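Quantities reported herein were computed from a predicted structural model and do not represent experimental measurements. Sequential numbering from 1 along the given sequence is applied to the chain's residues.
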Amino acid sequence: MQIARARELIQEQMAFSSGYNRNAVRMILGEVARTHGQEAVRRLFREFELEAQFELDPEQDYSRVGL
């Protein structure tokens with residue numbers, strides 16, 4: 001997944017804040033982690049403030065999410 005596409009998908013999920021959207025963001029982060037690495041995940045966390053929005057841990061290894 002390209003970073004630009006991940007940004008688009010995360011923006012869509014941020015319009016809502018249910019558990020389903022939180023899980024969708026986790027799966028997006030998993031794909032980004034597998035493709036681009038943990039630093040790309042950290043950048044997305046900072047850019048979208050995902051820790052505050054979805055109570056996700058920026059230091060978690062998301063590479064195994066969604067396998």
Side-chain angles (χ1 to χ4, degrees):
M1 175 181 299
Q2 297 296 321
I3 296 292
R5 180 65 177 146
R7 284 187 178 108
E8 290 173 18
L9 293 172
I10 290 172
Q11 285 176 330
E12 289 176 17
Q13 298 305 315
M14 290 185 71
F16 310 98
S17 60
S18 76
Y20 294 110
N21 302 101
R22 179 180 190 271
N23 195 46
V25 169
R26 288 181 70 243
M27 293 183 76
I28 294 164
L29 293 173
E31 183 69 26
V32 169
R34 286 188 293 281
T35 306
H36 301 284
Q38 186 64 23
E39 185 53 39
V41 170
R42 287 187 191 109
R43 283 193 304 266
L44 290 171
F45 261 90
R46 287 190 298 270
E47 182 177 341
F48 292 102
E49 299 178 354
L50 296 176
E51 188 171 10
Q53 179 75 19
F54 292 108
E55 298 179 1
L56 295 171
D57 180 4
E59 297 305 317
Q60 180 179 337
D61 178 11
Y62 290 93
S63 64
R64 296 179 148 279
V65 175
L67 290 179

Exercise for the section: Check the surroundings of atom CD in Glu55: do more than 12 heavy atoms from other residues, nucleotides or ligands lie under 6.0 Å from it? Expected result: no
Handout entry: Arg64 atom CZ: more than 12 heavy-atom contacts under 6.0 Å
Key = no
Handout entry: Met14, CE atom: more than 12 neighbouring heavy atoms under 6.0 Å
Key = yes
Problem - Stepwise side-chain contact (heavy atoms from CB on, under 4.5 Å) check, Tyr20 with Gln13 - result: CA-CA 9 Å; Tyr20 294 110; Gln13 298 305 315; over 6 Å; no
Completion exercise
Rounded to the nearest 0.5 angstrom, the CZ-OH distance for Phe45 and Tyr62 is 3.5 Å
Practice task
Write down the atom of Arg26, the atom of Leu56, and the distance for their closest heavy-atom approach.
Solution key: CG-CD2, 3.6 Å
Handout entry: Nearest-0.5 Å distance, CD of residue Gln60 to CD of residue Glu51
Key = 11.5 Å
Exercise for the section: May I have the step-by-step check of side-chain contact (heavy atoms from CB on, under 4.5 Å) for Arg5 and Leu9, ending in yes or no? Expected result: CA-CA 6 Å; Arg5 180 65 177 146; Leu9 293 172; 3.4 Å; yes
Exercise for the section: Rounded to the nearest 0.5 Å, what's the gap from CD on Glu31 to CD on Gln2? Could you check? Expected result: 10.5 Å
Exercise for the section: Indicate yes or no: does Arg42 engage Glu59 in a salt bridge with an N to O separation below 4.0 Å. Expected result: yes
Problem - From CZ (Arg34) to CG (Leu29), nearest 0.5 Å - result: 10.5 Å
Fill in the blank from the handout: Closest heavy-atom pair, Pro58 versus Gln38, reported as atoms and distance to 0.1 Å, is O-NE2, 3.1 Å
Practice task
Give, for atom CD1 of Ile10 and atom CD1 of Ile3, the distance between the pair rounded to the nearest 0.5 Å.
Solution key: 8.5 Å
Problem - Interatomic spacing from CZ in Arg43 to NE2 in His36 - rounded to 0.5 Å - result: 9.0 Å
